[in-house]
Amino acid sequence: MTRYFLDSQEIAIPTEACSFNQVLKHVESIHLPPNTVIRQIQIDGLPLMPDSSEQFNLQSEIESRNRVDIFTGTIQDIAHDSIGEALDYLYRVETAIPSLSDTFQASPGPEAFESLRQLYEGLYWLNLLLDKLKANFQINYDGTLIQGVSASEYHQRFITILRQLIESQERRDYVLISDLLQYEICPLVPVWREMFQIVAEKVNTAQ
């Protein structure tokens, strides 16, 4: 029989919970204190990947496992982890963007377009993270100044540049892609870093 642990403490799961999602809903409604969320799930010591919980049926899959560990954290914990990941990502792309820009000045191949796609996805994730932090911690980006300019204005500038990048790719204007990466996106990276550092301070004051 599968044993369930919440932050290393064993808990009982009702037998009527016949799907893994129902198990998680039971844990969230009964066992989690306010301002706490599920941070990670491990099945027999292996992390459960995002979006894979739908694949598990309690009768056919989970019951064949020995142990399910559910780890929790506060919203602040999750926010700080995400901000740390965002800062690490920004440091990585800051060194990668100039090289990618040079590639589009020459003759970009499949690897360059794959790197550009990954950059789009990363920037989209940063934008989504900022929106979630704003909603969860009531952060006023209009009143958050970075180098004398509001964070909201930088956000709008980023959306405009991203749209120009996509349109340039559709037109196969690779020189413009190179220029946008070098002269528009690159200067925004330190701004984003400062923005996330400011948001981290606001998250701290919300605790």
Side-chain angles (χ1 to χ4, degrees), residues 1-93 114 117-141 144 151 155 158-159 162 192-193 195-207:
M1 182 176 178
T2 306
R3 300 171 67 188
Y4 290 84
F5 293 82
L6 182 67
D7 293 329
S8 301
Q9 297 294 318
E10 189 167 9
I11 58 174
I13 298 297
T15 55
E16 60 267 22
C18 59
S19 73
F20 197 60
N21 277 342
Q22 288 176 323
V23 171
L24 297 182
K25 288 179 181 178
H26 169 78
V27 171
E28 289 173 345
S29 62
I30 301 299
H31 295 284
L32 294 192
N35 199 35
T36 302
V37 294
I38 293 175
R39 196 172 189 176
Q40 186 186 57
I41 299 169
Q42 293 182 2
I43 299 178
D44 286 344
L46 297 176
L48 182 65
M49 295 296 103
D51 302 325
S52 60
S53 60
E54 292 285 352
Q55 302 172 8
F56 284 90
N57 177 278
L58 185 60
Q59 300 302 320
S60 62
E61 293 285 348
I62 299 297
E63 283 189 351
S64 65
R65 312 302 175 97
N66 294 319
R67 176 171 176 143
V68 174
D69 280 282
I70 301 170
F71 299 99
T72 67
T74 65
I75 295 176
Q76 284 85 0
D77 291 335
I78 306 298
H80 281 300
D81 285 350
S82 299
I83 290 170
E85 292 174 8
L87 290 171
D88 288 343
Y89 173 78
L90 287 168
Y91 278 113
R92 292 198 303 273
V93 297
E114 175 61 19
R117 183 191 65 79
Q118 292 177 3
L119 180 63
Y120 289 154
E121 291 180 353
L123 295 177
Y124 174 79
W125 171 72
L126 291 176
N127 184 60
L128 186 63
L129 177 57
L130 284 172
D131 284 343
K132 288 186 175 181
L133 292 169
K134 176 182 179 180
N136 286 327
F137 297 97
Q138 291 79 51
I139 298 172
N140 178 14
Y141 288 156
T144 301
H155 177 260
F158 161 73
I159 296 297
L162 188 58
W192 279 59
R193 278 206 307 269
M195 189 183 306
F196 276 109
Q197 290 164 351
I198 291 172
V199 170
E201 294 174 1
K202 293 182 181 295
V203 170
N204 284 335
T205 61
Q207 297 186 38

Counting C-beta onward and ignoring hydrogens, is there a side-chain heavy-atom pair between [X] and [Y] closer than 4.5 Å?
| X | Y | value |
| --- | --- | --- |
| Asn66 | Arg3 | no |
| Ile13 | Val27 | yes |
| Asn127 | Leu162 | no |
| Ile38 | Phe71 | no |

Verdict with supporting geometry, Phe137 and Val199, side chain to side chain contact (heavy atoms under 4.5 Å, CB included): CA-CA 9 Å; Phe137 297 97; Val199 170; over 6 Å; no

Counterpart residues, side-chain hydrogen bond (donor to acceptor under 3.5 Å, both in side chains), relative to Gln138 (two or more places apart): none

Counterpart residues, side-chain hydrogen bond (donor to acceptor under 3.5 Å, both in side chains), relative to Gln40 (two or more places apart): Gln42

Set of residues satisfying ring pair (Phe, Tyr, Trp, His ring centres under 6.0 Å) with respect to His155, sequence neighbours excluded: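 Testing His155 for ring pair (Phe, Tyr, Trp, His ring centres under 6.0 Å), a comparison that skips the adjacent residues, returns none.
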
Non-neighbouring partners of Ile78 that pass side-chain contact (heavy atoms from CB on, under 4.5 Å), sequence neighbours left out: Val37, Arg39, Ser82

Sequence neighbours excluded - salt bridge (Lys or Arg N to Asp or Glu O under 4.0 Å) pairs with any residue from residues 120-137: Arg117-Glu121

Give the minimum heavy-atom separation between [X] and [Y], together with the two atoms involved.
| X | Y | answer |
| --- | --- | --- |
| Phe5 | Arg67 | CD1-NE, 3.4 Å |
| Leu133 | Ile139 | O-CD1, 3.8 Å |
| His80 | Ala200 | CE1-O, 3.7 Å |
| Thr144 | Asn140 | OG1-O, 2.7 Å |
| Arg193 | Tyr91 | CD-CZ, 3.5 Å |
| Leu126 | Ala86 | CD2-CB, 3.6 Å |

Taking atom [atom1] of [X] and atom [atom2] of [Y], what is their separation to the nearest 0.5 Å?
| X | Y | atom1 | atom2 | answer |
| --- | --- | --- | --- | --- |
| Trp125 | Leu130 | CH2 | CG | 9.5 Å |
| Glu201 | Ile198 | CD | CD1 | 7.0 Å |
| Ile11 | Ile70 | CD1 | CD1 | 5.0 Å |
| Asp69 | Asp44 | CG | CG | 9.0 Å |
| His26 | Leu32 | NE2 | CG | 10.0 Å |
| Glu28 | Thr72 | CD | OG1 | 11.0 Å |

Under the salt bridge (charged side-chain N to carboxylate O under 4.0 Å, His left out) test, residues paired with Arg92 that sit two or more places apart: none

Greater than 12 external heavy atoms within 6.0 Å of Gln9's CD: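 Atom CD in Gln9 is not packed in, count stays at 12 or less.
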
Asp77/Thr36 under side chain to side chain contact (heavy atoms under 4.5 Å, CB included): CA gap, chis, key distance, verdict: CA-CA 9 Å; Asp77 291 335; Thr36 302; over 6 Å; no

